[in-house]
Undergrad: 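I have a structure I would like to understand better, so I am pasting it below and will then ask my questions one at a time.
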Protein chains: 4
Amino acid sequence: MHDGNRPRGRIDKREMIVEAAFRVFAREGYAQASVDVIAAEAGVAKPTIYAHLGGKEQMFREVIRSTAARGIAKSSAVLTELPADPPDLREALIAVAWGLVGCFQDERSAALRRLLNAEIVRFPDLFDLIRADAVDPFNEALAGRLARFAHAGRLTLDDPVRAASQFVALITEELPMLSAFGTRPIPREKLEEIVVSGVDLFLRAMR
Amino acid sequence: MHDGNRPRGRIDKREMIVEAAFRVFAREGYAQASVDVIAAEAGVAKPTIYAHLGGKEQMFREVIRSTAARGIAKSSAVLTELPADPPDLREALIAVAWGLVGCFQDERSAALRRLLNAEIVRFPDLFDLIRADAVDPFNEALAGRLARFAHAGRLTLDDPVRAASQFVALITEELPMLSAFGTRPIPREKLEEIVVSGVDLFLRAMR
Amino acid sequence: MHDGNRPRGRIDKREMIVEAAFRVFAREGYAQASVDVIAAEAGVAKPTIYAHLGGKEQMFREVIRSTAARGIAKSSAVLTELPADPPDLREALIAVAWGLVGCFQDERSAALRRLLNAEIVRFPDLFDLIRADAVDPFNEALAGRLARFAHAGRLTLDDPVRAASQFVALITEELPMLSAFGTRPIPREKLEEIVVSGVDLFLRAMR
Amino acid sequence: MHDGNRPRGRIDKREMIVEAAFRVFAREGYAQASVDVIAAEAGVAKPTIYAHLGGKEQMFREVIRSTAARGIAKSSAVLTELPADPPDLREALIAVAWGLVGCFQDERSAALRRLLNAEIVRFPDLFDLIRADAVDPFNEALAGRLARFAHAGRLTLDDPVRAASQFVALITEELPMLSAFGTRPIPREKLEEIVVSGVDLFLRAMR
DNA sequence: GATGAATGAGCGTTCATTCAT
DNA sequence: AATGAATGAACGCTCATTCAT
């Protein structure tokens with residue numbers, strides 16, 4: 001009795017299509033991406049795409065949704081490694097900052113941001129889908145940690161949610177421009193400078 | 001030397017085309033924008049576009065370039081209003097912050113960012129064109145002002161350029177997500193919160 | 001010999017398919033009708049159609065054939081109600097005329113004529129199939145009745161077959177144009193006018 | 001000054017397209033006819049069709065309209081040859097009947113009827129377009145002639161319009177079935193039989 | 001006997017681009 | 001300098017048909 005070996009070792013076809021579609025959309029943008037190319041890259045015939053995903057637009061939505069979902073998982077992990085009572089707060093925040101930078105640098109994440117920017121006018125609803133699921137949770141979680149530090153007397157801050165946003169701002173704001181929206185690597189030293197000076201500014205203001 | 005030997009007082013045709021092209025590109029994106037529509041909106045025949053701009057791709061480059069140039073002018077003006085020795089530093093920085101926010105909220109500026117995000121992969125060269133002309137100058141100028149404040153003993157900071165970047169980060173980072181990449185208005189109170197708390201965080205760390 | 005060894009009392013699947021196919025062909029035309037829709041409307045899977053009917057073209061032929069067969073039955077019944085020696089010949093012929101009109105107005109019959117017109121060029125063989133089975137028999141039968149009336153001295157005519165055709169012509173020729181090829185109802189009074197004046201013209205010439 | 005030789009000896013392009021479209025629609029039907037084939041047969045590129053005719057549907061409408069217009073001209077000519085006071089009425093009506101048969105047998109006319117039958121469901125409006133312009137006028141004109149004959153005492157009839165319809169019915173009703181909807185020739189003798197016996201029946205009833 | 005899944009081929013339509021004028 | 005007219009190439013999508021189950 002061998003249940004569930006339906007996709008006999010191969011990835012499910014729908015997933016293969018979405019995977020290929022993400023690559024093509026990221027490379028070409030929504031409008032220039034051709035369903036033919038996606039089908040070829042996914043190794044399926046064009047009608048198979050329509051059977052599984054329903055069309056270019058619906059496929060695009062699914063690509064955005066699933067890519068965002070994957071991004072959430074990655075960014076959530078960043079905060080789980082922040083101890084509730086770290087011996088060295090500065091070290092701990094620097095580690096979080098590096099985690100944030102890592103998420104931002106992630107190729108899929110950058111491509112997702114580019115696609116959202118590009119297509120927000122044509123697909124205004126995509127934005128809410130993403131923000132609700134992906135952005136707020138991280139901020140909320142970080143705010144929770146900061147509040148705990150404040151409660152423990154290790155930080156001084158009125159509004160933890162605001163402080164969390166500001167922390168994220170200090171670490172991530174420059175990355176898009178420095179990396180050409182995620183298409184070029186940023187020198188290690190530059191990242192170090194941002195991370196360290198960002199955390200230090202934050203701590204100087206919050207202690 | 002009689003300036004304006006452009007055709008008899010009317011706006012230059014080339015400029016009209018670029019203007020119309022910006023509107024159409026902003027509205028539809030590069031790939032979806034059709035040269036027919038641009039020609040119609042510019043009030044010229046299609047071959048005229050090819051005569052003046054050389055083709056869709058070259059026209060797009062020119063649109064990006066000229067839109068960015070206009071953005072620079074606007075953001076530069078923000079700093080000219082920052083006095084060298086303001087009576088109330090906090091007030092002065094808040095004013096600068098509002099100016100930054102204003103530039104960011106500008107519709108053309110938002111559209112430009114969306115277009116850059118969208119087409120950076122296919123037109124990688126556009127990015128350098130923009131960054132050299134548009135971003136660095138503002139940061140340099142702000143850094144200069146901050147350095148003067150530090151020299152006057154009103155701020156404490158090691159690296160004025162870094163501090164300028166951090167100031168900009170605190171004010172602008174949240175705007176794209178809050179405004180759905182510039183497609184929705186942000187409530188006045190939210191902006192106020194960001195501006196004031198951003199300046200205050202900055203000053204708390206830098207005094 | 002136990003008739004009906006078709007599957008257990010349910011309508012034969014083949015028949016269900018042909019039935020659904022007729023509806024779809026009538027509604028959409030041959031080319032526009034999709035096998036998917038026919039399958040859905042018949043409540044079977046697509047390959048089942050290929051198993052039972054062999055393909056779209058063959059299925060169309062079968063639809064035409066069976067629809068025509070059903071039409072014959074209906075139009076034959078019209079003549080069985082014409083008595084061999086009716087008290088009022090005019091009344092009797094008017095009744096036959098109404099019967100003819102009824103056959104013509106039948107929705108299936110109209111659809112069949114439209115389909116034949118539409119596809120006669122691509123399926124020239126369909127025509128013979130129909131004419132042999134459907135048209136001539138009625139004319140022959142009517143001719144027989146008319147001959148009997150002539151033999152009884154109630155009509156004067158040389159060629160009963162010709163007269164039968166002319167009778168049918170007088171009653172039916174206008175119906176297609178008046179009903180938009182069977183897609184719109186014809187007002188009762190208009191039909192009455194055609195039937196009565198047709199029969200009267202016929203009788204005036206034949207008495 | 002050589003005005004108006006724009007289509008330098010060649011037929012206007014739009015007309016060429018409509019001409020080719022008629023041939024293809026007549027041969028393949030609306031749905032099966034492919035714009036590629038029409039373009040090829042017209043000797044133009046596909047977008048030229050869209051520039052001149054706007055699309056397949058609009059092109060079809062134009063084909064129907066122009067073919068019908070041509071048919072009207074032909075059938076009108078039939079009646080102009082019917083003298084107001086012919087020496088031999090029977091001969092004159094037989095000539096009209098032959099004219100009718102000629103119009104009916106015309107290849108374009110037959111194709112038009114097939115297309116109307118085929119597409120009446122998808123394009124219900126086409127029908128009115130045709131009937132108003134093409135069918136009624138002929139009947140009205142014939143009715144006028146018959147009324148004149150009646151007024152001259154050469155025919156006895158109450159309703160000239162009705163009589164005209166009946167005359168047409170007697171002559172044309174059998175033609176579609178005999179010619180397989182206009183796709184096969186009808187033997188001369190058969191036509192003669194219909195024409196002569198039709199006129200004779202008509203005259204026997206109307207004298 | 002019946003089907004879910006897949007596909008090669010084709011569809012109507014649009015586009016960036018180029019001539020002849 | 002400017003255009004009306006034309007086109008080759010490509011696009012998103014659908015279809016009749018088949019095959020492994």
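Only a predicted model underlies this, so the values are computations on that prediction, with no experimental measurement involved. Every heavy atom of this structure was used, including side-chain atoms; hydrogens, water molecules and symmetry mates were not. Convention: sequence-line order gives letters A, B, ...; per-chain numbering from 1.
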Undergrad: On DNA chain E, compare the nucleotides closest to A:A51 and C:A51; which residue's is nearer the 5' end?
TA: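 Looking at the nearest nucleotide for each, C:A51 comes out on the 5' side.
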Undergrad: Closer than 4.0 Å, any side-chain N/O of B:K13 to the OP1 or OP2 of F:dA2?
TA: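 Yes.
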Undergrad: Looking at C:E62 and C:R14, does any basic side-chain N land under 4.0 Å from a carboxylate oxygen?
TA: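 Counted as a salt bridge, because a side-chain N and a carboxylate O are separated by less than 4.0 Å.
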Undergrad: In whole angstrom, what separates A:I49's CD1 from E:dT7's C1'?
TA: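 Rounded to whole Å, this separation is 12 Å.
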Undergrad: Rounded to whole Å, please give me the gap between CG in D:D12 and P in F:dA5.
TA: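 For the pair D:D12 CG and F:dA5 P, the rounded distance is 10 Å.
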Undergrad: As a quick check of understanding, evaluate side chain to side chain donor-acceptor pair (under 3.5 Å) for B:R70 and B:S66, giving each step before the final call.
TA: CA-CA 6 Å; B:R70 215 179 294 201; B:S66 74; 5.3 Å; no
Undergrad: In whole Å, I'd like the distance from the CD atom of C:Q32 to the C1' atom of E:dG12.
TA: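 These atoms are roughly 11 Å apart.
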Undergrad: Indicate, with a heavy-atom threshold strictly under 4.0 Å, whether A:A33 touches base, sugar-phosphate, or nothing.
TA: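 The answer is sugar-phosphate, as A:A33 gets under 4.0 Å only of primed atoms, P, OP1 or OP2.
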Undergrad: Round to the nearest Å and state the distance from D:E57 atom CD to E:dC11 atom P.
TA: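 Going from CD in D:E57 over to P in E:dC11 covers 18 Å.
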Undergrad: Any side-chain N or O of D:H52 below 4.0 angstrom from OP1/OP2 of F:dA6?
TA: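 Yes, within the criterion.
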Undergrad: Name the residue closer to the 5' end of DNA chain F, choosing between A:V37 and C:S34 according to the nucleotide with the nearest heavy atom.
TA: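 By nearest-heavy-atom nucleotide position, the 5'-most residue is A:V37.
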Undergrad: Find the distance B:R122:CZ to E:dA16:C1' and express it as a whole number of Å.
TA: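 Nearest whole value for this atom pair: 14 Å.
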Undergrad: Could you check whether D:E107 pairs with D:R23 (Lys NZ or Arg NE/NH1/NH2 to Asp/Glu carboxylate O, under 4.0 Å)?
TA: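 Here D:E107 does not pair with D:R23 in a salt bridge, since their nearest N and O are not under 4.0 Å apart.
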Undergrad: May I have the distance from B:Y50 (atom OH) to E:dC19 (atom P), rounded to whole angstrom?
TA: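 So the OH-P distance, B:Y50 to E:dC19, works out to 13 Å.
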Undergrad: Does E:dA20 pair with anything, Watson-Crick or G-U wobble, both distances under 3.5 Å, and if so, with which nucleotide?
TA: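 With both distances under 3.5 Å, E:dA20 matches F:dT3.
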Undergrad: Between the base of E:dT17 and the side chain of B:K46, is there a donor-acceptor distance below 3.5 Å?
TA: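 Flag set: donor-acceptor pair detected.
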Undergrad: I want to confirm an ordering. Mapping A:D36 and B:A45 to their closest nucleotides on DNA chain F, which one lands closer to the 5' end?
TA: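 Result of the comparison: B:A45.
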Undergrad: Which pair of heavy atoms, one from C:F22 and one from C:T67, lies closest together, and at what distance?
TA: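 Here C:F22 and C:T67 meet closest at CD1-OG1, 3.3 Å.
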Undergrad: Name the pairing partner of E:dC11, where a pair is Watson-Crick or G-U wobble with both distances under 3.5 Å, or state none.
TA: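 F:dG12 - that is the nucleotide pairing with E:dC11, both distances being under 3.5 Å.
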Undergrad: Taking CZ from C:F60 and C1' from F:dA16, how many angstroms apart are they, rounded to a whole number?
TA: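 Answer to the nearest Å: 16 Å.
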Undergrad: With nearest nucleotide decided by heavy atoms, which residue, B:A31 or C:V44, maps closer to the 5′ end of DNA chain E?
TA: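 Result of the comparison: C:V44.
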Undergrad: Flag this pair as yes if the NZ/CZ of C:R61 is under 6.0 angstrom from the six-membered ring centre of C:F123 and inside a 45 degree cone about the axis; otherwise no.
TA: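 Here C:R61 fails the 6.0 Å and 45° test against C:F123.
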Undergrad: Within this structure, what is the NZ-to-P distance between B:K56 and E:dT18, rounded to whole angstrom?
TA: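 Answer to the nearest Å: 14 Å.
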Undergrad: Among E:dT14, F:dA16, E:dT7, which nucleotide sits nearest the side chain of D:P47?
TA: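 Of E:dT14, F:dA16, E:dT7, E:dT14 is nearest to the side chain of D:P47.
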Undergrad: Hey, does the side chain of A:T48 come within less than 4.0 Å of E:dA6's phosphate (OP1/OP2), counting only N and O?
TA: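 No, outside the criterion.
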